[in-house]
2 protein chains.
Amino acid sequence: MSEPTNLGYALLGLVHQGPKSGYDLRKVMAETALGNYSSSPGAIYPALARLEKEGLVIGKEDRSTSLRPKKVYRPSAKGRKVFTAWLSREVTGDDVNRHLDELMLRFAFHDVLDDRAATHRFLKELARQLQVFVTELKSQRQRMSASMPLQSRLALEAGIEQASASLRWARKALRYFRDERAEE
Amino acid sequence: MSEPTNLGYALLGLVHQGPKSGYDLRKVMAETALGNYSSSPGAIYPALARLEKEGLVIGKEDRSTSLRPKKVYRPSAKGRKVFTAWLSREVTGDDVNRHLDELMLRFAFHDVLDDRAATHRFLKELARQLQVFVTELKSQRQRMSASMPLQSRLALEAGIEQASASLRWARKALRYFRDERAEE
DNA sequence: TCGCACATGTAACGTGTTACATGATTCA
DNA sequence: TGAATCATGTAACACGTTACATGTGCGA
């Protein structure tokens with residue numbers, strides 16, 4: 001029915017790396033940068049329940065250890081399809097502007113695609129859109145900096161620096177996914 | 001009763017720059033980087049209503065132009081106090097990790113404080129915490145990069161680059177707020 | 001036996017998103 | 001007269017936060 005949230009996609013991505021229980025997932029979320037998408041039980045467990053209800057993951061009770069039975073999740077065929085479709089989505093200007101975190105999340109799981117050309121395209125488009133974004137921010141600075149207090153101007157500067165850093169990163173990352181046949 | 005959200009603080013900050021209607025605020029939000037905190041009427045108008053209910057802003061009907069009366073907001077004394085208290089809050093490690101956006105929002109409005117020493121302290125602490133954060137990310141990279149797919153490793157790298165860019169920016173910005181008497 | 005890590009959930013709450021609704025004023 | 005802009009809102013909905021609840025197995 002409805003689309004997973006970023007948290008949902010993060011969880012779906014993690015179970016692609018091997019079957020995991022809710023508790024396992026919580027730990028990974030808490031210990032890595034993925035923690036930005038929350039690691040609290042009040043978010044994780046309902047998110048898993050939603051993924052299961054939508055048929056994107058399959059949960060199996062596991063009593064192998066005599067512990068309280070834990071539920072281990074793995075992606076379903078549909079889950080794999082939805083996930084790779086998400087990974088393969090076009091990179092839009094709006095994404096770069098407002099949802100850069102989601103783009104980075106997608107990139108972090110791009111190995112699931114196992115398609116160097118697709119990742120190359122992703123980074124290429126990301127770099128292009130970041131370039132546009134940086135240019136926009138700079139023209140905003142030019143237009144408005146005279147009328148802004150020093151602090152606001154510097155805050156805008158911070159945005160420019162961060163976006164520029166992302167752009168440099170994307171260009172550097174591109175080198176790792178250059179296609180074998182020189183493709184441009 | 002309850003604390004304003006980032007959107008609430010953004011609006012409260014904007015009315016410090018001069019009385020503004022909901023529509024004015026929507027325009028500013030839509031046209032600037034503040035747009036990250038939403039510019040949709042379904043967010044702005046309820047947020048303003050909350051600020052008014054909490055006594056942080058005062059809304060006045062304005063019929064000066066014969067238009068449909070528009071409501072113009074300005075901060076109350078309490079609103080100014082709450083706002084400056086927010087601006088003056090300590091910079092914590094958790095903030096840097098998960099709420100860097102809020103820190104930048106606070107900095108962008110720091111001119112309201114009109115206190116160079118306070119802004120200097122803010123940036124100093126921000127730089128310190130960013131340094132800690134970058135170090136943490138780098139040690140995470142060291143510990144885990146061997147077991148991660150190339151893409152995840154690069155995504156972590158992106159986080160490091162962004163945080164480093166913020167750190168460089170904070171150090172540069174510090175120079176603008178050096179206290180007159182050399183204070184360290 | 002005491003506390004900690006393991007393990008899974010629920011309930012209330014606030015808020016942002018999307019979509020809808022309404023109406024005045026200005027200009028072509 | 002019709003469209004664009006000014007101007008303010010409401011309602012349904014989904015989701016994350018916080019806090020709570022419950023119980024197991026293990027090591028000191």
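Side-chain atoms are counted along with the backbone in the values below, which use heavy atoms only and exclude waters and symmetry mates. Not measured: the values here are computed from a predicted model. Numbers restart at 1 for each chain; the letters A, B, ... are given by sequence-line order, proteins then strands.
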**Message:** Does Glu161(B) form a salt bridge (charged side-chain N to carboxylate O under 4.0 Å, His left out) with Arg171(A)? I'd like the steps, not just the answer.
**Reply:** CA-CA 13 Å; Glu161(B) 292 301 331; Arg171(A) 285 177 175 155; over 6 Å; no
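- For the pair Ile44(A) CD1 and dT18(D) P, the interatomic distance rounds to 14 Å; values are reported in whole Å.
- In this structure, Asp24(A) places its CG atom 10 Å from P of dC6(C), rounding to the nearest Å.
- The pair Glu52(A)-Lys71(A) counts as a salt bridge, with a side-chain nitrogen and a carboxylate oxygen less than 4.0 angstrom apart.
- Residue contacts for Leu7(A): at a heavy-atom cut-off of 4.0 Å it reaches the sugar-phosphate backbone alone, with no base atom in range.
- Nucleotide dG16(D) holds its C1' atom 18 Å from the OH atom of Tyr9(A), rounded to whole Å.
- In this structure, His99(A) atom NE2 and dG16(C) atom P are separated by 15 Å, rounded to whole Å.
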**Prompt:** What is the per-nucleotide protein-contact pattern of nucleotides 9-14 of chain D, from the 5' end, where B denotes a base atom under 4.0 Å from a protein heavy atom, S denotes such proximity for sugar-phosphate atoms only, and - denotes neither?
**Reply:** BB----
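- Counting heavy-atom neighbours within 6.0 Å of Glu61(B) CD, excluding the residue itself, gives a total above 12.
- Relative to the side chain of Ser40(A), the nucleotides dT8(D), dT18(D), dT18(C) differ in distance, and dT18(D) lies closest.
- Atom-to-atom distance recorded for Met29(A):CE and Asn36(A):CG is 8.5 Å, nearest 0.5 angstrom.
- Following rounding to the nearest Å, Lys70(A) (NZ) and dA7(C) (P) show an atom-to-atom distance of 5 Å.
- dG16(D) atom C1' lies 12 Å from atom CE of Met29(A), rounded to whole Å.
- Electrostatic pairing of Arg143(A) and Glu31(B) does not count as a salt bridge here, judged by no charged N lying under 4.0 Å from a carboxylate O.
- Atom CZ in Arg26(A) sits roughly 10 Å away from atom P in dT8(C) (whole-Å rounding).
- Ion pairing between Glu90(B) and Arg128(B) fails under the 4.0 Å rule for side-chain N and carboxylate O.
- To the nearest angstrom, C1' of dT24(D) lies 15 Å from CG of Asp62(A).
- Nearest nucleotide to the side chain of Tyr23(B), out of dT8(D), dT8(C), dC6(C): dT8(D).
- The shortest side-chain heavy-atom distance between Leu100(A) and Asp95(A) does not fall under the 4.5 Å cut-off.
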